2 protein chains.
Amino acid sequence: MTLDNLKHAQRQRLVFLDRCFTWRGVARRRDLTERFGISTAQAANDFRTYLSLITQNAPEYDGHLKAYVASPNHQPIAASSMLDVFGVLDIASGDELPAALPRAKRWLDPRVATALYDAISNQRKLRIAYTSMSSGETAPQWVAPTRFTFDGESIHFRAFSYKRGEYRNFHPARIEPEDNFETDEIEMPLQFDREWNTKSVIWLRPSANLTTAQAAVVRREFGFSGDLLRIEIRQALEFFFDHRWGLTEPGARLERVKTETIIL
Amino acid sequence: MTLDNLKHAQRQRLVFLDRCFTWRGVARRRDLTERFGISTAQAANDFRTYLSLITQNAPEYDGHLKAYVASPNHQPIAASSMLDVFGVLDIASGDELPAALPRAKRWLDPRVATALYDAISNQRKLRIAYTSMSSGETAPQWVAPTRFTFDGESIHFRAFSYKRGEYRNFHPARIEPEDNFETDEIEMPLQFDREWNTKSVIWLRPSANLTTAQAAVVRREFGFSGDLLRIEIRQALEFFFDHRWGLTEPGARLERVKTETIIL
DNA sequence: AATATACGTATAAAAAATATACGGAACAAG
DNA sequence: CTTGTTCCGTATATTTTTTATACGTATATT
């Protein structure tokens with residue numbers, strides 16, 4: 001049996017258990033009952049199921065600690081983002097000021113999102129009142145949106161611009177939400193989006209101005225042991241990459257070595 | 001009845017429904033059956049439960065679209081991060097290159113996390129082999145860790161440093177994970193962490209070099225309508241703030257106006 | 001010794017979910 | 001027009017999951 005064979009609810013509980021073992025080193029029935037509001041009998045059942053998934057280095061119950069303790073050679077069975085990890089490690093009570101920095105809250109107007117989702121789903125073109133950041137002017141234009149994209153903080157969308165005759169990335173926040181969002185059929189097939197269908201392979205290394213010891217720390221922090229870190233993205237998103245990975249900042253830890261492109 | 005009264009599994013399904021209505025403008029039974037692997041009868045039951053939570057502007061079934069359509073004045077009943085929103089809007093099939101930029105993958109060694117979690121939970125001091133970024137040297141030192149923190153990308157920890165005689169922020173990635181992590185009792189009560197227990201109230205505005213129209217777009221993008229955007233964080237995390245919010249970058253959209261501090 | 005807090009197991013009952021069936025609505029194809 | 005397909009809701013019997021309760025063991029504390 002694997003995680004995939006489990007029902008969604010139990011799978012989540014077992015993933016949480018796995019994360020407790022991986023990042024805390026211990027887990028108790030109480031962790032499940034408090035987190036998911038389940039009974040202790042069900043929590044016991046979940047531990048039994050979790051242990052049945054583990055073939056090597058299984059956690060063992062320690063009567064002194066009154067907890068299941070992970071093996072020193074524990075291998076996680078589920079991936080974790082840093083947000084997941086922090087969610088397991090943070091010990092806050094709910095009402096105090098958080099130990100996490102708030103993200104810059106980005107606003108996406110549901111009216112804009114809905115109009116774009118509808119146009120994408122039904123493959124129609126859309127008339128938007130769009131504010132250009134360079135000129136500061138808001139003007140109507142027709143676009144054929146093809147896909148939402150996400151740079152890690154903001155949602156953008158990829159669209160064919162009838163004004164420019166090419167594919168562009170657009171910011172939904174620059175669309176006037178009070179507009180009436182006229183739509184129409186796309187009469188002729190859109191041209192091929194070459195940038196979207198091209199993979200950029202980016203090679204990064206610790207910045208050249210770092211010492212050997214500092215570079216080793218950067219490698220450890222970004223989890224790579226060789227000389228280079230390899231990242232694959234769609235070429236259409238490359239514009240956002242340097243900013244999102246902090247490569248243009250003063251004191252950047254990583255720098256780009258080279259970029260290759262591959263047609264998908 | 002509210003969301004809080006529901007079991008965890010159903011609550012998640014109803015939150016997902018709410019997000020479909022908010023961001024897509026439509027929802028179908030299929031959205032639930034495909035996302036959560038439940039039966040259509042259960043999905044029908046979830047729609048019924050969701051509609052029972054909505055007192056005004058309820059979605060209505062549109063036989064033409066064969067979908068439930070959100071009211072133009074729909075009000076969400078659950079909050080969404082941009083990641084949640086993108087998860088609802090993205091239409092990718094699983095095997096293709098994602099439409100989202102990958103995050104810089106940060107590595108946290110589970111051995112380090114476990115040692116820190118144990119020290120924090122049991123209020124003990126810990127000996128760590130720590131690499132200083134400025135000197136590049138790795139040296140052992142004793143710290144009393146008090147809390148994990150998260151800047152939005154990396155996990156850090158707050159600790160009293162016996163070497164410096166004050167509280168500092170530390171990076172777990174700079175700890176040598178092969179160390180044996182000696183621990184000991186904290187003999188005397190630690191001094192009060194003033195920075196941790198102080199709130200910084202930061203006021204931001206669109207950068208002064210933007211035009212009025214550009215500033216309006218920035219306001220819309222960050223979701224504030226007045227002159228200033230107010231952010232509250234722990235003073236201990238203020239060091240990370242400018243970087244995380246991109247205030248030091250060339251072309252930054254926001255700038256800091258003033259900062260106030262409040263003892264908690 | 002008694003108590004508190006952790007564990008597992010067992011059982012009856014309740015809740016949630018599934019499998020199956022039926023009828024209705026809307027649309028497309030023949 | 002009829003038929004088929006895809007969506008909906010509802011109903012019912014059944015299955016699965018979960019809870020409530022009870023009991024016993026282990027460990028630490030009072």
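Letters A, B, ... mirror the listed sequences (proteins, then strands); counts begin at 1. Note that the structure is a prediction, hence the values are computed from the model and not measured.
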Notebook entry, point to check: Taking CG from B:Asp62 and P from D:dC7, how many angstroms apart are they, rounded to a whole number?
Noted result: 14 Å

Next item on the list: Would you mind telling me which residue lines up with the more 5' stretch of DNA chain D, B:Ala67 or A:Thr40, judged by nearest nucleotide?
Entry: B:Ala67

Item checked: Given DNA chain D, 5'-ward residue of the pair B:Ala27 and A:Lys7, judged by closest heavy atom -> B:Ala27

Check: Rounded to whole angstrom units, what separation is found between the NE2 atom of A:His64 and the P atom of D:dA26?
Finding: 12 Å

Item checked: Pair assignment for D:dT30, Watson-Crick or G-U wobble, requiring both distances under 3.5 Å -> C:dA1

Check: A:Ala44 has a side chain; which of C:dC7, C:dT18, C:dT9 sits nearest to it?
Finding: C:dT9

Notebook entry, point to check: Are B:Asp193 and B:Arg158 close enough that some pair of their side-chain heavy atoms sits under 4.5 Å apart?
Noted result: yes

Check: Taking CG from A:Leu17 and P from C:dC7, how many angstroms apart are they, rounded to a whole number?
Finding: 11 Å

Note to self: Just the rounded figure in Å: distance from P of D:dT19 to CD of A:Gln42.
What the structure shows: 6 Å

Notebook entry, point to check: Is there a side-chain contact between A:Leu17 and A:Tyr68, using heavy atoms and a 4.5 Å cut-off?
Noted result: no

Margin query: With a 4.0 Å limit, can you tell me whether A:Arg48 has a side-chain N or O closer than that to the phosphate oxygens OP1/OP2 of C:dA10?
Written below: no

Next item on the list: Output the single nucleotide from D:dT19, C:dG8, C:dA17 whose closest atom is nearest the side chain of A:Tyr68.
Entry: C:dG8

Check: Heavy-atom distance under 4.5 Å between the side chains of B:Phe157 and B:His171, does that happen here?
Finding: no

Notebook entry, point to check: Over how many whole Å does the gap from B:Leu6 atom CG to C:dA15 atom P extend?
Noted result: 15 Å

Notebook entry, point to check: A:Arg30 side chain: which of D:dC8, D:dT18, C:dA6 is closest?
Noted result: C:dA6

Next item on the list: Determine the contact category for A:Leu65: base if any of its heavy atoms lies under 4.0 Å from a base atom, sugar-phosphate if only primed atoms, P, OP1 or OP2 are that close, otherwise nothing.
Entry: nothing

Note to self: From NE2 of B:His8 over to C1' of D:dT17, roughly how many Å is that when rounded to an integer?
What the structure shows: 16 Å

Next item on the list: Taking the six-membered ring for Trp and the single ring otherwise, decide whether the centroids of B:Tyr162 and B:Phe160 are under 6.0 Å apart.
Entry: yes

Margin query: If you only use heavy atoms from C-beta on, which nucleotide in C:dT20, D:dC8, D:dT19 is closest to the side chain of B:Ala41?
Written below: C:dT20

Check: For B:Tyr61 and C:dA26, what is the distance between atoms OH and P respectively, to the nearest whole Å?
Finding: 9 Å

Next item on the list: Flag the pair A:Phe148 / B:Phe86 as yes when their ring centroid distance falls below 6.0 Å, and as no otherwise.
Entry: no

Check: Which of the following nucleotides, D:dT6, C:dG8, C:dA17, is nearest to the side chain of A:Arg29?
Finding: C:dG8

Check: Separation of B:Asn45 atom CG from D:dC8 atom P, in whole Å?
Finding: 14 Å

